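Written out below as C-alpha cells is the structure these notes cover.
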Amino acid sequence: MTPKIVPAMLPVDYARLGDDCVALEKGGADRLQWDIMDGQFVPNITYGPDVIAACRPLVSLGFEAHVMCRDPEWMVPKLVDAGCDIIIVHVEAMRQPHATYQAIRKAGARAAIALSPATPVSYIENVLDLVDLVLIMTVNPGFGGQAYISTMEPKIAAARAMIDAGGYDVEIEVDGGIGPDTIAGAAAAGASVFVSGSALWKYESFGAGVTDLRQRAAEAAGG
Ligand code: DX5
C-alpha cells in the first residue's frame, strides 16, 4: 500500500488559508487534516466547521477532522456538513466513545479513534469493528513543531498486530513530529498514513516534501 501523506492544517498562513489548500493539492497531498482545538481538551484554540466548509469547494482532496475537543459529539454532524469524510476523535475526550464512533458512521463519515501518547493501545480493542482508522499521536496534542516521541513505535506495532490478527481493514495514522528523520521509524513500525505539519512546511515546496516523505515511508515499509 502506498503511504499516504496528510498535511496538518496547523502551520498554515491563516490569512491565505484557501491558497494553502490549493497549493497542497497541487503538491500531491493525499488528503488534508484539520486540527480542531477547543482550548479545553488541549491548551490551544484553532478553528471549527465553518472554516473547513469555506475551504471545501476549493479542492477535491478528502478532508479529515482531527477533533481535539472535549465532548465532541455535537460537532459530528456539523463536520460532515462541512465536507469532512473522516472524523477522528480522541478516546480520552468522550464519556461514551463506542457510541460516538457509532454516531460518526451513522452520520455518513468514516470514524477514527485517536490515542494520546499515554493512552494504552488496548483502548482500540473494542472499537476496531467501528473505526476505519487508528490515529496514534506521536506528540502530546495541542501544538505543532514538537519533537517526535519515538517510544510510540512499539505502540504502533502493537496496534498493527491487533488489526491484522482481527482481520480488520483499518489504517494506522501517525501525527506529530513526522518529518524526514522520523517517518521511517513510524513506517517500519506499521503506520501507513502520515500527518506532517512543520516539517512539510520547511521543504522548498509542498510537492518536494510530499514526494520525499512518501518515498522515505515506502522505503522503510519495504516498498
Ligand atoms: C498536534 C497536531 C498535529 C501536529 C502536526 O496537536 O494534531 O497535527 O502538531 O504538526 P507537526 O508535524 O509540526 O508536529
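Atom set for the values below is all heavy atoms of this structure, side chains included, hydrogens, waters and symmetry mates excluded. The structure presented is a predicted model; accordingly, all values stated were derived computationally and were not measured. Each ligand, and each atom within it, is numbered from 1 in the order the structure gives.
- Other residues sharing a hydrophobic cluster with Val6 under the 4.5 Å side-chain heavy-atom criterion for ILVMFWY residues are Val193, Val195.
- A cation-pi arrangement is not found for Arg31 relative to Phe63, the charged atom failing to lie both closer than 6.0 Å to the ring centre and inside a 45° cone about the ring normal.
- Contact check on Lys78 versus Asp50 returns no salt bridge, with no Lys/Arg side-chain nitrogen under 4.0 Å from an Asp/Glu carboxylate oxygen.
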Would you mind listing each N/O atom of ligand 1 next to any protein N/O under 3.5 Å, plus the distance?
from	atom 1	to	atom 2	distance (Å)
ligand 1	6 (O)	Gly142	N	2.6
ligand 1	7 (O)	Asp35	OD1	3.1
ligand 1	7 (O)	His66	ND1	3.2
ligand 1	7 (O)	Asp175	OD2	3.3
ligand 1	8 (O)	Asp35	OD2	3.0
ligand 1	8 (O)	Asp175	OD1	2.8
ligand 1	8 (O)	Asp175	OD2	3.2
ligand 1	9 (O)	Phe143	O	3.1
ligand 1	12 (O)	Gly197	N	2.8
ligand 1	13 (O)	Gly145	N	2.8
ligand 1	13 (O)	Ser198	N	3.0
ligand 1	13 (O)	Ser198	OG	2.5
ligand 1	14 (O)	Gly177	N	2.8

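- Although no hydrogens or angles enter the test, the distance criterion places a donor-acceptor pair under 3.5 Å between the side chain of Gln146 and the main chain of Asn140.
- Across all non-hydrogen atoms, the minimal contact from Thr46 to Asp35 is OG1-O, 2.6 Å.
- For the residue pair Asp212/Tyr203, the side-chain donor-acceptor check at 3.5 Å is satisfied.
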